[in-house]
Protein chains: 2
Amino acid sequence: MDQSKDMSFLDEEIGFNTVRTSKYITRLLNQHLKSYGLTAEQWTVLKRLHQRGNMSQKHLSEASDKDQATVTKILDLLEAGEFLERKRNPEDRRSFVIGLTKKGEALTEQLYCEVDSVFQKIVNGISEKDIDTYRQVLSKLHRNMKSLI
Amino acid sequence: MDQSKDMSFLDEEIGFNTVRTSKYITRLLNQHLKSYGLTAEQWTVLKRLHQRGNMSQKHLSEASDKDQATVTKILDLLEAGEFLERKRNPEDRRSFVIGLTKKGEALTEQLYCEVDSVFQKIVNGISEKDIDTYRQVLSKLHRNMKSLI
DNA sequence: CACTAATAATTTGTATACAAACTATATTTA
DNA sequence: TAAATATAGTTTGTATACAAATTATTAGTG
């Protein structure tokens, strides 16, 4: 049977394989970050704070494309590890301002190189042209799904 | 600064965006499957059993690229929903043979079309050539990471 | 044949995703 | 100005990922 007519072709080739690749990326990053007391998801949060400066939990949730409840829990862990701190917003008592500690700042700056070298290995042997197409497809998939959800 | 020299380019463009796309795919499928009492991950398990016939939990874990502990829990839920059953392996008392029930069989056959139409929307506007490059990049990323883990 | 090593599956613990409900506070409305 | 509505963040519950340990059973070894 022509593969493109197979009822599960897209489900397998796009769905299953994207999800599987995502799990491997997360697992690989977790292995590298473990010795710093971090996980891949926590690294994303630290990265966002480092890139964009202090922000509310709401904005951090948006910036990292994570559920607010999930961000609450991740912040609990990062706060306990003294990588960041929650400060009350004097202008809005519902709200916090999240900022990196000096420890968090230093570690984040240090980890950029290590994480990049992990990804250099992950993409080894893939042409820049193919990486570019991959990125564009990811963007289009994301735009399509944002309009379906 | 040239983007390709940006220390977090690959982390963001490959890492973050792949993981984000994966979450959106899972979320979208969950929305569609919810009314059948299923999740995206459970659907993967049913699909594998439908495609390849009865098998042990160990083989099912390999076929769906899931942790064995995770498969145990997913099977608990699918068994409770009467989509499948665990039968003792007469040749090896450590082992079960997992098989779909009639209910599971019928529902799995029914869902192929619905899931495919979800993916038709997800990939809307993306050329077959780009989808093919995307699939090849996913494969290469997967091969690279399997050798790193 | 008894002991050792390996295997199939389960259990425990933790992290994250996410739906839904809740609490405290701010904003809007009549 | 009081009541209604909305918002920021938290809590609860469930599903899944995954590491690590455990249990019951099978296979291998001396």
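When reading the values below, keep in mind they use all heavy atoms of this one structure, side chains included, and skip hydrogens, waters and symmetry mates. Each chain gets a letter, A, B and so on, in the order its sequence line appears, and its residues count up from 1.
What separates CG of B:Asp92 from C1' of D:dG28 is a distance of 15 Å, to the nearest Å. Here D:dT7 presents its P atom at 19 Å from CG of A:Leu60, a figure rounded to the nearest Å. Rounded to whole Å, the distance from CZ on B:Arg93 to C1' on C:dA8 is 14 Å. Whole-Å rounding puts the A:Lys58 NZ to C:dA26 C1' distance at 14 Å. Rounding to whole angstrom units, CD of residue B:Glu91 and C1' of D:dA27 are separated by 15 Å. Here C:dC18 presents its P atom at 11 Å from CE of A:Met145, a figure rounded to the nearest Å. Nucleotide D:dG9 holds its C1' atom 17 Å from the NZ atom of A:Lys66, rounded to whole Å. If you measure from atom CZ of B:Arg20 to atom C1' of C:dT16, you get 18 Å, rounded to the nearest angstrom.
Between A:Arg88 and A:Ala40, the residue whose closest nucleotide on DNA chain C is further toward the 5' end is A:Ala40.
For A:His50, the NE2 atom is densely surrounded, since the number of other residues' heavy atoms within 6.0 Å is greater than 12.
Judged by distance alone, the side chains of B:Lys34 and B:Asn30 never bring a donor and an acceptor atom under 3.5 Å apart. A donor-acceptor contact closer than 3.5 angstrom links the side chains of A:Asn17 and A:Arg20.
Electrostatic pairing of B:Arg48 and A:Glu12 counts as a salt bridge here, judged by a charged N lying under 4.0 Å from a carboxylate O. Salt bridge absent: B:Asp65 and A:Lys23 never bring a charged side-chain N and a carboxylate O closer than 4.0 Å. Between A:Asp132 and A:Arg135 a salt bridge is recorded (basic side-chain N to carboxylate O distance below 4.0 Å). The residues B:Asp11 and A:Lys47 are annotated as salt-bridged, a charged nitrogen and a carboxylate oxygen being separated by less than 4.0 angstrom.
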Its contact letters, B for base, S for sugar-phosphate only and - for none at protein heavy atoms under 4.0 Å, make nucleotides 10-15 of chain D read BBBB-S
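Ring orientation note: the planes of A:Trp43 and A:Tyr112 are nearly perpendicular, at an angle over 60° on the 30°/60° scale.
Of the residues in residues 22-37 of chain B, those placing a heavy atom less than 4.0 Å from an atom of DNA chain C are B:Lys23, B:Arg27, B:Lys34, in numerical order.
Among B:Val137, B:Thr21, B:Thr18, the one residue that satisfies the side-chain contact (heavy atoms from CB on, under 4.5 Å) test with A:Thr21 is B:Thr18.
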